[in-house]
Structure formats: C-alpha cells, structure tokens
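In what follows, chains carry the letters A, B, and so on, assigned in the order in which the sequence lines appear, proteins first and then strands, with residues in each chain numbered from 1. Remember, it's a predicted structure, so these values are computed and weren't measured experimentally.
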Protein chains: 2
Amino acid sequence: MTDVAQLADVSPSTVSLYLRKPEAVSPAASQSIAYAIEKLNYVPNFMAGGLAAASSRAVSILVPSVRNAFFAETVSAMQAALRKERLQVILGHTEYDEREEEDLVRMALSWAPAAIVLTGLSHSAVTRRLLARTSVPVIEIWELGGPQIGAAVGFHHDQVGIAAAEHLFKQGRRNLVFLGARMHEDRRAKMRCDGFVACARAAGVEVEIVEHAAPASVEVGSTLLQETLRLHPQTDGIFCSNDHIALGALFACERLHIAVPKQLAVIGFGDLSFSAACNPPLTTIRPSGDLIGCEAARLIIENLAGNRSQDKLTIDTRFTVLHRRSS
Amino acid sequence: MTDVAQLADVSPSTVSLYLRKPEAVSPAASQSIAYAIEKLNYVPNFMAGGLAAASSRAVSILVPSVRNAFFAETVSAMQAALRKERLQVILGHTEYDEREEEDLVRMALSWAPAAIVLTGLSHSAVTRRLLARTSVPVIEIWELGGPQIGAAVGFHHDQVGIAAAEHLFKQGRRNLVFLGARMHEDRRAKMRCDGFVACARAAGVEVEIVEHAAPASVEVGSTLLQETLRLHPQTDGIFCSNDHIALGALFACERLHIAVPKQLAVIGFGDLSFSAACNPPLTTIRPSGDLIGCEAARLIIENLAGNRSQDKLTIDTRFTVLHRRSS
DNA sequence: GTGAAAGCGCTAACAG
DNA sequence: CTGTTAGCGCTTTCAC
C-alpha cells in the first residue's frame with residue numbers, strides 16, 4: 001500500500017480510504033491511485049486490514065451440511081448477496097452436532113467476522129456463552145419460534161405440519177400417516193411432524209408416525225411407504241418429512257400399483273428439483289431457502305452500515321403449499 | 001495472548017508456540033497455559049496470526065455453485081477433511097463465469113490462503129497471471145486432460161462419454177442420442193458429449209445431439225426426451241448429460257408409455273439421490289465427488305506439512321459405470 | 001525448552 | 001479532502 005501511495009504521490013491513508021470509501025477521495029487522487037494499483041498489481045492484505053480494524057469482511061455461515069439442497073440454496077443465495085458488498089463467506093458444517101457447532105463458532109470468532117450465521121435455534125450452552133461475550137451479530141436461520149440469540153430468519157415448522165394436515169383434510173383424507181427419517185437429529189422435521197399430529201388431533205384424527213433410523217433419502221421413502229401399508233393398510237393420506245421421502249413413496253406406489261392420489265394422497269416438503277416433474281407431480285410445501293439467504297444477507301449488510309436496530313429481529317419468510325396432482 | 005502468558009507465568013512466545021506446536025512445549029508450561037486459556041476464555045485472533053506469519057489457515061474454494069449436488073459433495077468432503085487440520089473454508093461461487101472467478105481469485109489472494117481450489121481447467125488469462133505471481137498452491141478439481149495451473153484432482157470427462165457409448169453398444173444399441181443442457185456454459189458436459197460422439201463415430205455410428213438452452217433440470221429432461229422422439233423416432237439409446245436430465249427422460253417415457261430399457265436404453269451421469277430408487281433404476285456413471293474433495297484436501301494438508309513435491313501433480317479419481325435396469 | 005525484540009500491512013482518529 | 005501518528009495481536013528468528 002505504501003508503494004501504491006508513493007507511485008500515486010499521495011499518503012498511504014489516502015490509498016486506504018480510496019479502497020474502503022472511494023467516494024471520499026478526490027477524482028484526481030482516485031485516478032492516480034487506480035493507476036498505481038493496476039501498475040503494481042497491488043493485492044490488499046485482508047488480514048492486516050482486519051487486524052487494524054478489529055473486524056473482518058468475512059461472514060461465517062454454519063449449516064448442518066451443504067449436501068442438503070435446502071442449505072445449499074440458502075448458502076448460495078447468501079454468498080451471492082454478500083459478494084456484492086465484497087463480503088466473504090467462511091463455511092462450516094455442523095453435521096447436526098451441537099459440539100461440532102460449538103467448535104466451529106469458536107474458530108469463527110477468531111476471524112472477527114462481520115456476522116455469524118447459525119442454522120436453527122438450538123445451540124449448546126457454551127455456544128450461547130461464547131456468542132454472548134462478543135459483539136459479533138448473530139443470525140439464526142431456518143427456524144422460528146424459540147429463544148433467539150440474535151436475529152432470526154426462517155419460518156415456523158409446526159405451521160408447515162398444520163398446513164399439510166389441513167390440506168389433506170380438505171382432500172377428504174382421514175387416515176393420515178407421517179413418514180419421517182432420523183428425526184432425533186433433524187429437529188425441524190420433528191417440528192413439522194408435531195404440527196401435523198397436533199392439527200390432526202385437534203380435528204379428532206390420530207396420526208400414525210412411521211420412521212426410519214437412516215437419514216432421509218429416496219430409498220428410505222420407498223421403504224417407509226411399504227412399511228406404512230403393512231402397518232396401516234387403511235392409510236389414505238401421507239405427509240413426508242421431505243420430498244426425497246415423498247419421491248421414494250411415489251416410486252413405491254408405482255411399483256405396487258397404488259393409485260396416487262385416488263387411493264393415497266401424498267404431500268411432501270421442499271419442492272426439490274424433481275417435485276414438479278415426477279409422476280404424478282408432487283404436492284409439496286416450499287420453504288423459501290433463497291429468501292432466507294437473501295434476508296439474512298440483507299440484515300448483515302444493514303448491520304454493517306450501522307443499523308444496529310434489528311438486534312433480536314424476527315423475519316418470517318413463510319412457505320407455500322403447492323397443490324399438484326399427488327393429492 | 002499476553003494476558004494468557006501472564007497468568008500462566010510464561011512469555012507470550014511460549015503461548016504462541018503452545019498454540020501452534022503443543023508438543024514443543026514442556027508439560028508443566030502446557031498445563032498452566034491450558035488453564036489460563038480456559039480461565040480467560042481466550043480466543044486467538046487469526047488475523048493477527050496470519051499477518052505475522054504472512055499466510056493464513058484458510059483455504060479458498062471456488063466452485064460454479066454449491067446448488068449443484070456434485071460440487072456440494074466435494075465442498076462438503078473437503079471441509080470435513082480440512083477441519084481436522086483446523087483449516088477453514090472460504091467459499092466462492094463462480095456461476096460458470098470466468099470474470100467472476102477472476103474477481104474471486106483476487107479476493108481469495110487477499111486472505112493469503114494456504115491453498116486455492118478452482119473448478120475445472122479453463123480460466124481467464126488474468127486469473128492465470130494472478131496465480132502465477134503468488135506462491136499460493138493451486139488445485140484444480142473435477143477435470144483432467146488440459147494444461148494445469150497447479151495440481152489437478154478429477155477425471156477425464158471424455159472418457160465418461162466413451163464409457164457411456166461402449167455401454168450402449170454392448171446393449172446392442174445403435175441409434176444413439178445425447179441429451180444436453182446449456183453446454184456452452186458447462187464445458188465438462190460438453191466434453192462428455194464429445195467423448196460419446198467420438199467413440200460412436202469410431203464405431204461407425206453417428207450420434208444425434210438434442211440440446212436445451214435452459215440449465216439442466218428434470219423438466220428439461222422430459223422436454224428433451226419428447227424432442228428426441230419427434231426428431232429421431234428410431235432412437236434406441238440415450239446418454240444424458242446428467243441424472244436430472246435422465247430422470248426427466250424416464251418420467252416422460254413413463255407418460256408416453258415407452259418401455260425402458262426395451263424400447264429405449266437410458267444412461268445418465270451423476271448417480272444422484274434418486275438414481276438407484278427410480279423406476280426403472282437408472283444406469284449411470286458415478287463421478288467420485290467425495291473422493292475429489294478428500295484427495296484435494298490431502299494435497300493441501302501435505303503441502304502445508306512441507307511436501308512441496310506435488311506441484312503439478314495429477315490425480316485421476318476415475319468414475320464407475322453403474323449398470324442398472326434402465327439399460 | 002523458553003524469552004526478547006522487531007515487525008507483518010493496514011486502519012482510524014485527528015488535525016489541518 | 002489529505003496526511004500524521006500510533007498501534008491492532010500475533011509470529012519468528014535468534015540467543016540463552
């Protein structure tokens with residue numbers, strides 16, 4: 001930076017200012033600085049900058065896994081939005097493990113990030129303590145309806161379950177089953193299940209739950225459907241914890257010559273890549289993973305601009321019931 | 001760190017050493033330092049560390065998009081492997097745009113990362129120049145068979161096309177079509193196509209190519225299949241640029257009552273979540289996205305440990321033809 | 001095995 | 001709008 005300043009015939013602080021707030025530097029100085037940067041192939045050092053400023057232009061995002069299309073979408077949307085403000089994404093995978101999250105938060109703090117984004121509202125006590133001690137803004141995504149550390153951007157998963165139950169009721173279904181996978185890990189799937197069960201119970205209907213120990217997958221969906229028919233042959237409506245399970249169920253129905261939706265109505269969650277295109281097209285509930293990412297990024301950017309007002313803000317991104325031919 | 005040193009009654013440099021090479025510090029000192037760290041809730045500052053050491057424990061990973069399951073897998077595998085060495089992942093999305101990649105590389109360099117991981121072998125001249133000037137190790141993933149900047153971990157996409165053609169020949173198919181989407185962007189899909197066409201031509205078979213301008217999706221797959229039947233009704237074997245396209249084709253076949261594989265053999269690429277579970281199970285070629293991530297991480301870790309030997313190393317992670325019932 | 005000294009490259013008041 | 005000044009918190013020789 002000193003070299004650039006020398007070549008541009010200004011002081012280093014003017015170069016620094018130019019890099020951070022170009023509009024505050026005179027056009028003449030700007031031009032010669034730009035030339036010098038180009039000429040010298042100057043690459044700024046973010047670590048020196050971050051050290052001096054006691055905070056970096058990095059945002060730490062911690063999700064269970066980016067293999068999960070939901071989080072991939074959110075991470076992608078967020079990175080695109082943050083990129084415009086020249087903010088970098090530091091990614092961490094918690095694998096649904098609070099201890100892992102704790103460790104990742106510790107490392108995240110070492111970068112003095114502009115913000116830390118966590119998935120969900122349940123975190124270990126240590127995580128909460130670590131975060132309470134810092135002034136780094138925290139944003140929790142993909143879940144609403146519990147105690148927040150900072151701002152939260154997401155939706156109520158129990159409401160998803162309620163919407164699913166109401167939808168199936170409207171279709172005249174009364175023998176309902178919830179198909180789930182590994183719900184002890186995926187708390188949000190559990191919440192959808194709970195909302196579904198509670199809503200049905202309020203209408204005098206007892207929901208059966210058929211669960212699998214393996215992580216959600218298309219194959220698990222097929223297995224669960226077979227299991228469902230074996231245990232509860234009367235079933236006329238199923239809500240699947242996500243669209244992978246639902247697709248597997250549809251495939252199994254096809255193989256077993258079960259008419260969907262005539263004999264069995266199927267509703268999923270996620271609106272994944274195949275959901276609109278399969279046979280029959282899958283009725284599902286679409287969570288706005290993109291919107292969650294965009295809104296979270298917006299909060300971070302506003303915060304950076306000085307808007308410290310939205311500390312424990314809650315943004316409900318809602319969800320949409322997509323009624324297609326599987327119900 | 002000074003506070004920790006004071007409390008532990010050692011010098012700051014001993015604390016620093018303890019944090020970086022615990023085995024080089026005496027057990028007695030280690031113990032009191034550990035106690036002091038715990039007691040004071042000391043959080044190291046990576047930026048100060050990076051500034052002083054002129055390099056950070058961050059790895060910059062640039063992929064087209066993490067929404068793409070292939071790259072999500074690799075990123076996930078890599079982050080898991082790097083995490084064990086306390087290396088952080090800085091993520092960037094190029095969206096298949098070399099200008100974007102260039103800009104992301106520039107920002108990546110500002111972190112003085114332990115390595116930069118790029119997707120594919122084609123990069124802008126500026127990107128190459130930027131990278132040539134630094135001593136940051138570069139690893140290119142998901143493609144082999146072109147000029148490398150640094151090490152490369154991946155496989156030959158044209159060989160995938162060849163394997164697909166050979167497979168279809170073995171099934172007695174001679175009227176072959178390649179179904180692709182947006183191949184001007186996805187160079188690697190184009191390479192698979194080229195390999196397929198070249199192999200067929202060598203056997204005296206002319207392959208037709210049916211392409212769509214939109215990005216690959218299940219719906220595009222259905223559209224492409226219909227288009228294929230309209231333009232080339234004799235077709236008895238198709239190779240799809242990926243499993244989303246293939247799944248869409250299977251769905252369309254089902255709707256049109258086209259017997260798969262009897263009338264039409266289908267082979268895809270990717271072995272995605274649904275590929276083994278659909279009707280019929282999809283014959284596909286599995287690229288080892290996980291392995292690519294693991295091997296890339298291994299290179300980075302070895303490099304960090306001083307193994308500078310593997311500069312322009314090439315690691316072929318191969319691929320597997322999974323013969324299932326769609327062919 | 002441990003400590004003293006000298007920065008790493010930049011930012012942030014503040015004064016002009 | 002620009003320059004001066006004083007560090008930010010750590011690593012790294014090099015002695016001891």
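Using a 4.0 Å heavy-atom criterion, one finds that B/Pro44 contacts the sugar-phosphate atoms exclusively. At a threshold of 4.0 angstrom between heavy atoms, the contacts of B/Ala54 with the nucleic acid are absent. Counting non-hydrogen atoms under 4.0 angstrom, B/Ser13 reaches a base of the nucleic acid.
Atom C1' of nucleotide D/dC8 and atom CG of A/Asn45 are separated by 13 Å, given to the nearest angstrom. C/dG3 atom P lies 10 Å from atom CG of B/Leu17, rounded to whole Å. Taking atom CG of residue A/Asp3 and atom C1' of nucleotide C/dG9, one finds them 11 Å apart after rounding to whole Å. Look at CG on B/Leu40: it is 14 Å from P on D/dG9, rounded to the nearest Å. B/Lys21 has its NZ atom 9 Å from the P atom of D/dT12, to the nearest Å. Across the protein-nucleic acid pair, B/Ile33 atom CD1 and D/dC10 atom P stand 13 Å apart, rounded to whole Å. Protein atom OH of B/Tyr18 is 15 Å distant from nucleotide atom P of C/dG3, rounded to whole Å. Here the P atom of nucleotide C/dG3 and the CD atom of B/Gln6 are 12 Å apart, to the nearest Å.
Dashed line: the shortest gap from a side-chain N or O of B/Tyr42 to OP1 or OP2 of D/dC10 is under 4.0 Å. Distances shorter than 4.0 Å separate none of the side-chain N or O atoms of A/Ser26 from OP1 or OP2 on D/dC1. The side chain of B/Thr14 contributes an N or O atom lying less than 4.0 Å from OP1 or OP2 of C/dG3. In this structure, A/Arg20 does not reach the C/dC10 phosphate: none of its side-chain N or O atoms is under 4.0 Å from OP1 or OP2.
Counting heavy atoms from C-beta on, the side chains of B/Leu304 and B/Glu85 never come closer than 4.5 Å. A/Ser65 has its side chain out of reach of A/Phe71: every pair of non-hydrogen atoms, C-beta onward, lies at least 4.5 Å apart. Between B/Phe155 and B/Pro287 the shortest side-chain heavy-atom distance falls below 4.5 Å. In this structure, the side chains of A/Ile116 and A/Val59 stay at 4.5 Å or more apart for every pair of heavy atoms.
Between A/Trp142 and A/Phe70, the angle of the ring planes lies from 30° to 60°, which puts this pair in the tilted group.
The listed nucleotides are C/dC10, C/dG9, D/dT12; the one nearest the side chain of B/Leu51 is C/dG9. The nucleotide whose nearest atom lies closest to any side-chain atom of A/Ala48 is, among C/dT2, D/dG3, C/dG9, C/dG9. Side-chain proximity of A/Ser11 to D/dT4, C/dA4, C/dT2: nearest is D/dT4. Closest to the A/Ala53 side chain, of the nucleotides D/dT2, C/dA12, D/dC8, is C/dA12.
Both B/Ala52 and B/Glu23 lie close to DNA chain C; mapped to their nearest nucleotides by heavy-atom distance, the more 5′-ward contact belongs to B/Glu23. Each of A/Gly49 and B/Asp9 lies near DNA chain C, and the nucleotide nearest B/Asp9 is the one positioned closer to the 5' end.
A pairwise comparison of heavy atoms in B/Leu19 and B/Met1 identifies CD2-CE, 3.7 Å as the closest pair.
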